[in-house]
Number of protein chains: 2
Amino acid sequence: MFERLEHFFRRWNKVAGIKDVAKRARVGVGTVSRMLNDSGYVAEGTREKIEIAMKELNYTPNELARNLYHKRTGIIAVLVPNVSNPFFSEFVDHVEAELYETGFKMMLCNAAKACSAEREYLDMLNRHIVDGVITGVHSLDVEEYKKIHKPIVALDRYLGEHIPVVAVDHKEGGRLAAETLIDCGCRKILHFKGATAVKSPYHDRHYEFERVMKKNQVETYSYELEWNRFDSEYYREVVADVFSKEIDFDGVFAVDELAIECMNEAIRRHFKVPRDVKFVAYDGTFITEMVEPKMTAVVQPIASLAKESVRLLNELIGGREYKNKRVVLGVQIRKGNTTIS
Amino acid sequence: MFERLEHFFRRWNKVAGIKDVAKRARVGVGTVSRMLNDSGYVAEGTREKIEIAMKELNYTPNELARNLYHKRTGIIAVLVPNVSNPFFSEFVDHVEAELYETGFKMMLCNAAKACSAEREYLDMLNRHIVDGVITGVHSLDVEEYKKIHKPIVALDRYLGEHIPVVAVDHKEGGRLAAETLIDCGCRKILHFKGATAVKSPYHDRHYEFERVMKKNQVETYSYELEWNRFDSEYYREVVADVFSKEIDFDGVFAVDELAIECMNEAIRRHFKVPRDVKFVAYDGTFITEMVEPKMTAVVQPIASLAKESVRLLNELIGGREYKNKRVVLGVQIRKGNTTIS
């Protein structure tokens with residue numbers, strides 16, 4: 001079968017094909033095919049003859065045809081809401097490196113732009129364009145995923161019992177953030193929480209944060225963010241909205257970029273950080289170390305999240321099946337200069 | 001040919017194929033093929049019969065086989081040194097959206113990690129895995145590119161007369177930066193310049209910057225950066241190095257992240273910005289607006305760079321050939337609070 005596909009392909013491209021190689025090496029096409037596909041014994045002397053023939057004919061096996069034969073493309077689709085968001089750009093950076101190590105190429109989709117895009121990429125699994133999907137998209141239609149029984153790994157998202165989830169211990173993250181602000185003596189907390197519309201492990205950090213605050217009788221103003229908005233413009237709107245409401249606060253807990261925007265506005269309004277207001281960021285991407293004062297942050301191990309996602313996906317591609325599989329990684333607090341230790 | 005490929009593929013996957021559709025619709029296989037490939041007339045009534053048969057058999061044409069037939073994959077490889085670098089993450093973000101609009105998927109490669117990766121992706125052009133390449137990599141081996149006569153577009157890089165280049169007017173950018181610092185009354189400039197090892201349009205900004213400074217008799221200390229290093233750790237090393245050398249300066253010109261790291265260190269050393277030191281960043285990515293004070297920056301129109309790169313690539317894929325083609329886009333200075341206007 002492979003030989004015939006190959007042959008068609010060569011005719012279209014007018015370059016040496018497996019038949020030409022076989023002819024020149026004076027061996028059967030099946031022998032060349034066995035060697036190329038490592039699908040059977042080929043004597044050493046014969047191998048040499050074939051290799052010489054390949055060199056002479058400048059033959060390179062056609063990968064499309066080869067993948068068609070092996071029913072795999074060697075491509076993994078990675079879906080993120082927005083790759084220019086620091087968390088996702090670091091994740092994609094690491095995932096690409098991990099996939100490359102295991103012999104896969106990465107197809108990247110920014111799914112925030114269109115809901116149809118996410119569906120389209122999932123469809124590519126069925127259409128044999130990609131061998132697997134790693135999705136960090138917080139879209140709403142979980143049903144779409146339930147229908148697909150192909151290799152899919154979810155980052156920080158519940159998509160059905162057959163799809164493994166990789167996430168950090170958000171509950172621990174919420175606790176660390178809350179205790180850090182309480183230790184600084186904060187009494188009035190401004191807490192920005194993710195959209196509860198999506199079923200995700202990340203809500204745990206908000207529940208735990210609020211639980212600890214309540215237990216310690218610390219006043220907390222929770223501000224729920226819109227679903228799937230990660231852009232700077234939105235964060236600035238939110239900050240403007242908060243300050244226009246004249247909410248009184250001495251401690252802030254928010255995702256990296258929002259915490260930074262909020263701190264900068266506070267500084268512009270002549271608040272001293274950390275004297276007047278304390279800040280704890282969540283994610284701990286490079287931007288929290290790029291601002292002055294450096295942000296205290298709950299750090300997600302992005303490299304490990306990427307490594308685990310790729311490891312699980314490889315297992316699924318290898319035929320392994322999981323039910324309610326969850327890989328939970330630890331988080332750490334990195335003390336910066338926006339809190340008092 | 002298509003029918004036979006299709007047929008093989010169906011056998012491997014045990015799903016309905018073009019032959020099953022033809023049989024059920026009681027038409028010839030060639031007719032179904034003509035309709036699927038839009039390669040000839042098919043009567044309206046026949047079309048309907050075929051469509052009904054496809055629905056009933058839940059038939060979707062296999063894309064791998066289809067691409068094999070059309071000799072295209074619908075995939076474009078995009079090479080960047082490091083996608084977690086804000087400039088490249090914004091570029092990739094826009095390129096992906098532009099490609100998606102024109103019906104292409106994006107394969108992303110972080111080439112900084114391994115020189116072999118870049119070569120490998122170029123090789124995929126020859127191996128029909130991707131239809132084109134957009135490269136923003138500043139690797140050193142231009143020779144590799146000269147050998148390839150397939151659709152390639154270079155971002156800010158000269159790779160041979162047959163490869164179109166998309167870049168901004170760096171000379172204008174260098175002039176704007178220099179004049180802005182001079183207008184602030186700077187007399188001692190710290191100028192971080194890119195590695196001159198690579199042949200790139202971006203050097204123009206450094207040449208022009210130094211020319212204007214010299215013309216105005218402004219003392220300038222030029223610090224040449226290592227080739228292909230865009231990571232925060234490196235930038236921090238550079239800043240530490242500069243301050244350890246106790247270089248005296250009242251104005252700084254550097255790429256976004258480096259300018260920010262340098263400003264933060266100055267602030268930690270109790271310099272007042274912009275009173276004591278002025279800063280002009282180059283690129284103007286989102287991070288320059290995320291720091292306090294906001295950075296004055298020469299802004300590259302990243303969305304337009306992406307749009308032009310995709311437009312040119314589509315023309316090359318369409319068969320158009322270019323010689324010494326250069327698309328040069330304008331830059332603007334965005335005044336922040338790190339300079340005095």
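Numbers restart at 1 for each chain; the letters A, B, ... are given by sequence-line order, proteins then strands. Just so you know, these numbers come straight off a predicted model, no measurement behind them.
Nearest heavy-atom pair across B:Tyr121 and A:Lys105 is OH-CD, 3.0 Å. Across every non-hydrogen atom of B:Asp93 and A:Asn110, the tightest pair is OD1-ND2, 3.2 Å. Shown here for A:Cys109 and B:Glu96, the closest heavy-atom pair between the two residues is CA-OE2, 3.4 Å.
Contacts of B:Leu99 with chain A are absent, with no heavy-atom separation under 4.5 Å from either backbone or side chain. Neither the backbone nor the side chain of A:Glu265 comes within contact range of chain B, judged by heavy atoms closer than 4.5 Å. In this structure, chain B has heavy atoms under 4.5 Å from both the backbone and the side chain of A:Leu108.
More than 12 heavy-atom neighbours from other residues, nucleotides or ligands sit within 6.0 angstrom of NZ on B:Lys150. Enclosure of atom NZ in A:Lys307 is not indicated, since only 12 or fewer non-hydrogen atoms of other residues, nucleotides or ligands lie within 6.0 angstrom.
The greatest number of non-hydrogen atom pairs below 4.5 Å with chain B, out of A:Pro293, A:Ser89, A:Ala77, A:Pro86, is found for A:Ser89. Listed options A:Ile267, A:Thr285, A:Val92, A:Val83 were ranked by heavy-atom pairs under 4.5 angstrom with chain B; first place goes to A:Val83. Of all the listed residues (B:Ile287, B:Ile260, B:Asn264, B:Val78), the one sharing the greatest number of non-hydrogen pairs under 4.5 Å with chain A is B:Asn264. Most heavy-atom pairs under 4.5 Å with chain A: of the set B:Glu292, B:Arg268, B:Met263, this distinction falls to B:Glu292. Ranked by non-hydrogen atom pairs under 4.5 Å with chain A, the options B:Asn337, B:Asp123, B:Asn85, B:Val291 are led by B:Val291. Chain A forms more heavy-atom pairs under 4.5 Å with one residue of B:His94, B:Glu289, B:Glu90 than with any other, namely B:Glu289.
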The test is side chain to side chain contact (heavy atoms under 4.5 Å, CB included); show your working for B:Glu261 and A:Met290 and say whether it passes.
CA-CA 7 Å; B:Glu261 290 293 346; A:Met290 203 182 275; 4.2 Å; yes
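Atom CZ of A:Phe286 sits about 6.5 Å away from atom CD of B:Glu257, to the nearest 0.5 Å.
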